[in-house]
Amino acid sequence: MSKDNDIGTGTMLLSFLAGAAVGIGAALLLAPKTGEEMRGKIKDLADDAVDKIKEYANEAQDKIRASYEDGKELVLEKKGIITSAIEAGKEAMEREKEKQKAEP
């Protein structure tokens, strides 16, 4: 459940950053600056936003990969336990069959 909250927090933070980027972009457009200055500021802001989005996307991929690997290990562990239990059950059944054959 903690992993779900981590992804939700990342999504919320990404949404916040996107909203902030839009707000800053609007402020830059409305501020009294030359066109070249404004374009430079918007470009810098867009580059920063893209870098942050890439960073958060990479973090999300790492978390998903880690969750997948943890789940895979758990499944393999449980599979081993179940296989051992089945084998033990088969052996016990064979012993009981031998006992039944031996009794007149």
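These numbers come from a predicted model, not from an experiment. These numbers come from the heavy atoms of this one structure, side chains and all, not from hydrogens, waters or symmetry mates.
- Every side chain to side chain donor-acceptor pair (under 3.5 Å) that D62 has, sequence neighbours left out, goes to R65.
- K97 meets the side-chain contact (heavy atoms from CB on, under 4.5 Å) test with M93, E94; sequence neighbours excluded.
- Residues that satisfy the side chain to side chain donor-acceptor pair (under 3.5 Å) test with D47, not counting sequence neighbours, are K43.
- Linking ILVMFWY side-chain heavy atoms closer than 4.5 Å, directly or via other members, places I53 and Y56 in a single hydrophobic cluster.
- Residue L74 is found outside any hydrophobic cluster, as its side-chain heavy atoms come under 4.5 Å of no other Ile, Leu, Val, Met, Phe, Trp or Tyr.
- Residues meeting the side-chain contact (heavy atoms from CB on, under 4.5 Å) test with K90, sequence neighbours left out: I86, E87.
- Shown here are the side-chain contact (heavy atoms from CB on, under 4.5 Å) partners of E96, two or more places apart in sequence or in another chain: K99, Q100.
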